[in-house]
Amino acid sequence: MDNKWNIGQGGNLPIGFGLSLAANAKSMEAFAKMSDAEKQQTVDRSRQMQTREDMERFVNSLSENRMQ
């Protein structure tokens, strides 16, 4: 079983990013539909967020960008 996109258990998701995704179903769905390369790029970008508000804006943008 591949845990790469989980929080903990050897997963690759930063905790703040994972928690923000869990609070936003549309963004979580958009992330789930991404290719592995897109997911990795998104996770890398999430690590640049400095505040909770920055992370929330970033996560909210995931569903907006996928809808276009």
Side-chain angles (χ1 to χ4, degrees):
M1 186 157 149
D2 185 10
N3 292 328
K4 182 175 183 177
W5 304 116
N6 290 341
I7 298 173
Q9 301 177 1
N12 194 25
L13 289 184
I15 292 172
F17 179 60
L19 292 174
S20 293
L21 272 181
N24 186 321
K26 288 181 181 181
S27 292
M28 183 181 289
E29 183 179 338
F31 183 78
K33 290 179 180 179
M34 292 179 184
S35 68
D36 278 352
E38 290 173 316
K39 286 178 182 175
Q40 186 62 57
Q41 183 180 28
T42 301
V43 168
D44 292 345
R45 287 181 56 211
S46 77
R47 289 190 170 108
Q48 298 172 8
M49 301 303 121
Q50 298 295 314
T51 66
R52 179 178 174 181
E53 291 78 17
D54 289 343
M55 184 65 77
E56 288 175 0
R57 277 191 295 274
F58 175 68
V59 168
N60 289 340
S61 76
L62 298 179
S63 63
E64 295 165 6
N65 292 337
R66 296 296 282 192
M67 307 267 302
Q68 295 174 5

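- Within the 4.5 Å cutoff, the side chain of D44 has heavy atoms near those of the Q40 side chain.
- Annotation for F58 and T42: closest pair CZ-O, 3.6 Å, computed over non-hydrogen atoms.
- For the atom pair S27 OG and F17 CZ, the distance stands at 8.5 Å (nearest 0.5 Å).
- Remark: R52 pairs with E56 by the salt bridge (Lys or Arg N to Asp or Glu O under 4.0 Å) rule, at least two apart or across chains.
- Distance CD1/I15 to OG/S46: 12.0 Å, rounded to 0.5 Å.
- The side chain to side chain contact (heavy atoms under 4.5 Å, CB included) check on Q50 picks up D54, with sequence neighbours excluded.
- When atom types are taken as modelled, the side chain of E38 and the backbone of S35 share a donor-acceptor pair closer than 3.5 angstrom.
- The CG atom of L13 sits 8.5 Å away from atom CZ of R47, with the distance rounded to the nearest 0.5 Å.
- Closest of all the heavy-atom pairs between M34 and K39 is O-CE, 3.3 Å.
- When the side chain to side chain donor-acceptor pair (under 3.5 Å) test is applied to N60, the partners found at least two apart in sequence or on another chain are N24.
- For residues 13-23, no residue pair satisfies the side-chain hydrogen bond (donor to acceptor under 3.5 Å, both in side chains) rule, not counting sequence neighbours.
- Of the inter-residue distances, the one linking R57 atom CZ with L62 atom CG reads 13.5 Å to the nearest 0.5 angstrom.
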message = I'd like to know whether V59 forms a side-chain contact (heavy atoms from CB on, under 4.5 Å) with M55, so could you lay out the CA-CA distance, the side-chain angles of the two residues, the decisive distance to 0.1 Å, and finally the verdict.
response = CA-CA 6 Å; V59 168; M55 184 65 77; 4.2 Å; yes
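- Looking at K33 and E29, a side-chain N of the basic residue comes within less than 4.0 Å of a carboxylate O on the acidic one, giving a salt bridge.
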